[in-house]
Amino acid sequence: MKITLKDGSLMEFEQAMSVLDIAKSISEGLARVATSAKVDGDIVDLRTVLDKDCELEILTFDSEDGSGAFNHTAAHIMAQAVKRLYPETKLAIGPSIANGFYYDLDRETAFVAEDLEKIEKEMKKIVKEALPLKRFTKSRDEAIAFFKEKEEPYKVELIEDLPEDSEISFYEQGEFTDLCAGPHLMSTKAVKAFKLTSLAGAYWRGDEKNKMLTRIYGVAYPKKAQLDEYLTMMEEAKKRDHRKLGRELGLFMMCEEGPGFPFFLPKGMVLKNTLLDYWRELHKRCGYQEVSTPIILSRHLWETSGHWDHYKENMYTTVIDDEDFAIKPMNCPGGMLVYKAEPRSYKDLPLRVGELGLVHRHEKSGQLHGLMRVRCFTQDDAHIFMMPEQIRDEIKGVAGLIDEVYRLFGFKYHVELSTRPENSMGSDEDWNLATEGLRGALDDLGLDYVVNEGDGAFYGPKIDFHLTDSIGRTWQCGTIQLDMQLPQRFELEYTGADGEKHRPIMIHRVAFGSIERFIGILIEHFAGAFPTWLAPVQVKVLPISDKYMDYAQKVQDALYAAGVRSEVDQRAEKIGYKIREAQMQKIPYMLVVGAKEEETGVVSVRSRYAGDEGQKDLAAFINDLKEEIDTKTIREVVKEDEK
């Protein structure tokens, strides 16, 4: 039996071997931290026995797939603890998720926050018991009978939906047995650190017509230090919550009259418009032309694009003059009509067309979350129409633009390539050409990337950019999607050098993604303390008393003339109070003015970055400030011991 490992090395065995034993033969250390494995691309248990040639990758908690097996086992431990403490509870489902796990539970007396501590205590006992997890199977009928006897109606329902000839897998740990496809750890012993984090309501199978269950969320780690690091990050995330800071800093609000539809307040509009000004400046430099397309367009257009069939449940519709119309969830179909508005030649290509388009998508109310998940947002779309030989260079150009945006804000990022999903349209030939075009551009750029098989858009493969914020969380924002379908559906053409008609290829791409969501990310990334160029109020002028209000106004007039966003604090408060208020509002610079400042025409500068910066000539301060703003510099905060 020949086993090919991830690094390409080959191992040979005379007899069948379990994945765990193969891991031990590589390294005892690897076997200790292994959680599961991939065999020919399929995720399996360490207990799986291999008896033929295959490709093998041993997974650990550090990988997304490996942490899945770990978290799934933690979910079973939690369910076992619940059944020990509250045996009347009915079990629904308990999967692993991106950052931990959850279990949906049905109990007549609803769970409350105080129950979580009791459940955690019981979970610790189960971990100490080091219960081995054992996998076994039953026929469909046997499985139904098994859970009927245990009075677990949700499990029965799940099994009844499976084909009659299904073989149903179970995992047993001590007295607890659950319906599960796996994979799982070998023992409960490995789940050394965990925390139950929250309670939520969840409809059975996500259907609002079904019963509301209690969902308990948790996180789990192999080491306590990893859990502590995560909990510290979560505490920091609470302080940075963009919904809280958005209210405190007067940036935006959400109202019951418009759930999922954000209201931007004056300071929020300054922030948003500053971002949009930067977007326009960047795109003009990169050869884009800006357009604007209507928010409401006819059903016929959305049928042609394929959205009516593939996306209708997320679209808002209306009737005008007895005809169906839809509020656009995407800008692309309108972009097709812009291209078709006049004849195109190969000399016009590549044609880069950008749009800051307002789009609406129906999201379920339970999924709405501040600016991160809304029903109405501005998408910084661009559509690039090109010839096949221009694909690589255009994709590299877009990747460079997105890289420039993320570097400006101090974001690191990683890249993912997503390939053809099951629910897609177009020929194999088109998909192969499109996918290899994206892959080739990434290879040319030397960018590291991972491949997400089957996770592309229904009309083409895509490259996604996942940025990492200042506390280590990742966000998917930028995307590049190569599309050969819409140009065909809309019969787009250009006249080639040979005088014949040809079909262009198109790129869909966004850099910010959703402007609203990107603002939410920026609020949390900077904890509301935006770089000076982006801050809604860049300078606060603080007169020591009313006697110096005229000089304060003179200072502000000079700032205004230089294009600096400033305010004068005119309140009859002590200067210490005014400084603290300005600090709470995350103002980058405070200019304190009194008798000495007025006499000599200077200002006393305090900054968010270095505290007291001393007295400066007003003109010199403005020149330095303008340089910082114009270059979009991000000043670092100077620590006390560095002053």
Side-chain angles (χ1 to χ4, degrees), residues 4 6-8 36-44 54-57 59 63-68 96-98 305-307 309-311 314 329-330 332 381-400 402-403 413-467 474-489 503-511 513:
T4 306
K6 187 183 179 183
D7 63 2
S36 52
K38 273 187 181 178
V39 175
D40 291 334
D42 295 326
I43 301 175
V44 301
C54 63
E55 293 183 358
L56 173 66
E57 179 184 354
L59 301 174
S63 71
E64 185 177 338
D65 291 327
S67 65
S96 65
I97 53 176
S305 70
H307 288 92
D309 294 328
H310 290 267
Y311 204 74
N314 292 101
M330 298 170 186
C332 330
D381 254 329
H383 300 105
I384 302 175
F385 304 91
M386 63 202 165
M387 296 180 285
E389 59 268 29
Q390 295 170 327
I391 289 176
R392 283 200 182 191
D393 284 343
E394 287 306 304
I395 291 170
K396 287 191 282 186
V398 173
I402 291 173
D403 176 76
Y413 64 86
H414 72 272
V415 180
E416 296 182 2
L417 171 63
S418 299
T419 60
R420 186 176 190 173
E422 289 184 15
N423 181 25
S424 62
M425 58 185 188
S427 68
D428 291 343
E429 183 182 359
D430 284 349
W431 272 88
N432 289 338
L433 179 62
T435 304
E436 291 312 307
L438 295 183
R439 195 190 307 271
L442 291 173
D443 291 339
D444 286 351
L445 289 166
L447 285 175
D448 291 330
Y449 61 93
V450 297
V451 178
N452 288 333
E453 296 291 352
D455 202 34
F458 67 84
Y459 49 78
K462 62 177 181 170
I463 297 170
D464 288 327
F465 293 77
H466 297 259
L467 57 85
T474 57
W475 308 90
Q476 193 273 304
C477 291
T479 187
I480 306 172
Q481 301 173 356
L482 196 55
D483 187 355
M484 295 177 163
Q485 310 311 319
L486 284 187
Q488 287 183 17
R489 284 177 165 250
R503 187 84 68 213
I505 293 168
M506 189 177 84
I507 289 174
H508 306 253
R509 51 110 290 205
V510 293

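Side-chain atoms are counted along with the backbone in the values below, which use heavy atoms only and exclude waters and symmetry mates.
Distance CD/Q485 to OG/S305: 12.5 Å, rounded to 0.5 Å. Residue E416 holds its CD atom at 12.5 Å from CG of D448, rounded to the nearest 0.5 Å. Here the CZ-CE distance, from R503 to M387, works out to 16.0 Å after rounding to the nearest 0.5 Å. Summarising the geometry, atom CD belonging to E57 is positioned 9.0 Å from atom CD1 belonging to I43; distances are rounded to the nearest 0.5 Å. Taken to the nearest 0.5 Å, the NZ atom of K462 stands 8.5 Å off from the CG atom of N452. Between L438 atom CG and L417 atom CG the span is 6.0 Å, to the nearest 0.5 Å.
Considering only residues two or more places apart in sequence or on other chains, D65 meets the salt bridge (Lys or Arg N to Asp or Glu O under 4.0 Å) condition with K38. Applying the side chain to side chain contact (heavy atoms under 4.5 Å, CB included) rule to L433 yields the partners M484; only residues at least two apart in sequence or on another chain are considered. Contacts of K396 classified as salt bridge (Lys or Arg N to Asp or Glu O under 4.0 Å), with partners at least two apart in sequence or in another chain: D393, D444. Partners of D483 by salt bridge (Lys or Arg N to Asp or Glu O under 4.0 Å), not counting sequence neighbours: none found. Partners of D455 under the salt bridge (Lys or Arg N to Asp or Glu O under 4.0 Å) rule, at least two apart in sequence or in another chain, do not exist in this structure.
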Run the numbers on L482 and M386 for side-chain contact (heavy atoms from CB on, under 4.5 Å), then give the verdict.
CA-CA 11 Å; L482 196 55; M386 63 202 165; 3.5 Å; yes
For side-chain contact (heavy atoms from CB on, under 4.5 Å), just list the numbers for W431 and S424, CA-CA rounded to whole Å, side-chain angles, deciding distance to a tenth of an Å, and then say yes or no.
CA-CA 10 Å; W431 272 88; S424 62; 3.7 Å; yes
Determine whether V451 and R439 satisfy the following criterion, side-chain contact (heavy atoms from CB on, under 4.5 Å), listing intermediate values before the conclusion.
CA-CA 9 Å; V451 178; R439 195 190 307 271; 4.0 Å; yes
Is there a side-chain contact (heavy atoms from CB on, under 4.5 Å) between Y413 and D403 once you walk through the steps?
CA-CA 9 Å; Y413 64 86; D403 176 76; 2.7 Å; yes
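Looking only at distances, no side-chain donor or acceptor of T435 sits under 3.5 Å from a matching main-chain atom of P461. Panel note: side chain E64, backbone G66; no donor-acceptor pair is recorded below 3.5 Å. S63 contributes no side-chain N or O that, together with a main-chain N or O of L59, makes up a donor-acceptor pair within less than 3.5 Å.
Between P329 and N314 the shortest side-chain heavy-atom distance does not fall below 4.5 Å. In this structure, the side chains of L467 and T474 stay at 4.5 Å or more apart for every pair of heavy atoms. Taking the side chain as every heavy atom from C-beta outward, Y449 and H414 never approach each other to under 4.5 Å.
Here the shortest heavy-atom pairing between P421 and G456 reads CG-O, 3.4 Å. Residues A441 and I395 approach most closely at CB-CG2, 3.4 Å, considering heavy atoms. Taking every heavy atom of both residues into account, A37 and L56 meet most closely at CB-CD1, 3.9 Å. The shortest non-hydrogen separation linking R509 to V398 is CD-CG1, 3.6 Å. Considering all non-hydrogen atoms of both residues, C477 and V510 come closest at O-CG2, 3.7 Å. Summarising the geometry of F465 relative to T479, their closest heavy-atom pair is CD1-N, 4.3 Å, with the distance given to 0.1 Å.
No option in I384, I402, D464 other than I402 meets the side chain to side chain contact (heavy atoms under 4.5 Å, CB included) test with I480.
Counting only residues at least two apart or on different chains, the salt bridge (Lys or Arg N to Asp or Glu O under 4.0 Å) pairs with a member in residues 421-432 are R420-D428.
At a cut-off of 3.5 Å, with distance as the only test, no side-chain donor of T4 or E55 sits close to an acceptor on the other residue.
Using a 30° and 60° split on the angle between ring planes, H383 and H508 fall in the perpendicular class, above 60°.
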